[in-house]
**Student:** 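The structure under discussion is supplied below as structure tokens; questions concerning it will follow.
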Amino acid sequence: MFVGHYSVAFAVKSEKNKIPLWVLFVAVQFLDYIWATLVLLGIEKLRVIKGFTAGSMLDSYFHPYSHSLITAIAWSGVAALVYKRVWHAKASNTSALIVGVAVFSHWILDFIAHPRDLPIYDNEWKVGLGMWDYRDPEFALEIALVVSGIIVYLTRNVMTAIRRTAVIAFGIALVVVQIGDTYVPRTPLTDKATAMGVWIFYTLFVIVAFLVEKVGSRTQIKAS
């Protein structure tokens with residue numbers, strides 16, 4: 001699961017909860033940020049194998065600190081508490097809970113896509129439905145998720161026409177990225193290079209999400 005994770009960020013964002021879209025973009029990939037960091041430190045283990053599954057080259061055979069069910073729940077709680085602490089009065093308990101749920105959604109979607117490599121506890125009792133073994137259906141699921149999330153986002157949030165256009169353009173870019181990730185042949189990178197790529201690309205998406213919500217904001221303020 002790649003861009004499908006961002007569907008949750010788009011879908012749960014609303015004017016009522018006032019959670020910045022960029023924060024939700026961090027939240028839905030928070031477990032992968034931890035995973036990439038631990039791979040870079042040599043604590044969690046990754047093999048990048050061409051043809052490992054039909055939809056992914058990633059054999060993440062040891063990642064209990066970022067992707068076990070127990071630690072996913074724990075990291076979700078940490079994220080909710082940090083959000084509440086950092087935003088103080090701006091963050092309601094409901095908003096903090098939404099951030100925590102967004103973090104945990106990563107594990108749920110990974111459970112659908114991954115082979116049996118997600119441990120329940122420590123590195124034991126591994127689960128995963130394995131949709132990565134079915135490239136086209138998994139790709140269709142990713143696109144359906146992100147498109148649905150963007151539709152919900154556009155429906156729930158009041159915005160200028162230019163911002164709406166920016167959101168749609170961002171969605172198209174995410175689809176193109178997913179096409180490249182799924183279908184474009186490439187040479188496997190090292191585990192460290194892959195982890196660094198996660199940090200670079202995910203953070204780029206966070207920056208774009210931040211900028212998208214700034215598009216047309218002055219015009220909207222003047223109009224109100």
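Hydrogens, waters and symmetry mates are skipped; everything else that's a heavy atom, side chains included, is used.
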**Student:** Any chance you could lay out the side chain to side chain donor-acceptor pair (under 3.5 Å) test for Asp191 and Thr194, step after step, and finish with the verdict?
**Tutor:** CA-CA 5 Å; Asp191 58 344; Thr194 299; over 6 Å; no

**Student:** How far does CD1 of Ile43 sit from CH2 of Trp35, to the nearest 0.5 angstrom?
**Tutor:**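 Rounded to the nearest 0.5 Å, the CD1-CH2 separation comes to 14.0 Å.
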
**Student:** For His67 and His63, take the angle between the two ring planes, folded into 0 to 90°, and tell me which bin it lands in: parallel under 30, tilted 30 to 60, perpendicular over 60.
**Tutor:**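 Parallel, since the angle between the ring planes stays under 30°.
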
**Student:** Run Met1 and Asp110 through side chain to side chain contact (heavy atoms under 4.5 Å, CB included) and show every step you take.
**Tutor:** CA-CA 6 Å; Met1 189 63 61; Asp110 273 4; 3.8 Å; yes

**Student:** Could you check whether Trp132 and His114 have their ring centres less than 6.0 Å apart?
**Tutor:**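 Ring centroids of His114 and Trp132 are less than 6.0 Å from each other.
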
**Student:** Can you tell if the side chain of Asp59 reaches within under 4.5 Å of the side chain of Val48, non-hydrogen atoms only?
**Tutor:**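 They are not in contact (no side-chain heavy atoms under 4.5 Å apart), so the answer is no.
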
**Student:** Examine the side chains of Glu44 and Ser60 and answer whether a donor and an acceptor come within less than 3.5 Å of each other.
**Tutor:**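 No, Ser60 and Glu44 have no side-chain donor paired with an acceptor closer than 3.5 Å.
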
**Student:** So, for Ala9 and Leu21, which heavy atoms are closest and what is the spacing to 0.1 Å?
**Tutor:**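 Result for this residue pair: O-CD1, 3.8 Å.
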
**Student:** Please confirm whether Phe10 and Phe205 have ring centers closer than 6.0 angstrom.
**Tutor:**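 When the ring centroids of Phe10 and Phe205 are compared, they turn out to be at least 6.0 Å apart.
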
**Student:** Is Arg47 positioned over the aromatic face of Tyr61, cation under 6.0 angstrom from the ring centre and no more than 45 degrees off axis?
**Tutor:**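 Yes, Arg47 and Tyr61 form such a contact.
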
**Student:** Could you please spell out the steps behind the ring pair (Phe, Tyr, Trp, His ring centres under 6.0 Å) verdict for Phe170 and Phe25?
**Tutor:** CA-CA 13 Å; Phe170 187 21; Phe25 262 57; 5.6 Å; yes

**Student:** With ring centroids as reference points, do Phe139 and Tyr183 lie under 6.0 angstrom apart?
**Tutor:**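 Centroid separation for Phe139 and Tyr183: below 6.0 Å.
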
**Student:** Without swapping roles, check the side chain of Arg116 against the backbone of Lys126 for a donor-acceptor pair under 3.5 Å.
**Tutor:**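 Pair found, side chain donor or acceptor close to backbone of Lys126.
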
**Student:** Just how far is it from atom OG of Ser68 to atom CG of Asn123, taken to the nearest 0.5 Å?
**Tutor:**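 Between Ser68 OG and Asn123 CG, I get 9.0 Å after rounding to 0.5 Å.
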
**Student:** In the single-linkage hydrophobic clustering (I, L, V, M, F, W, Y; side-chain heavy atoms under 4.5 Å), do Leu189 and Val184 co-cluster?
**Tutor:**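 Result: no, two separate clusters.
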
**Student:** May I ask you to decide whether Glu213 forms a salt bridge with Arg163, counting only side-chain N to carboxylate O separations under 4.0 Å?
**Tutor:**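 Yes, Glu213 and Arg163 are salt-bridged.
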
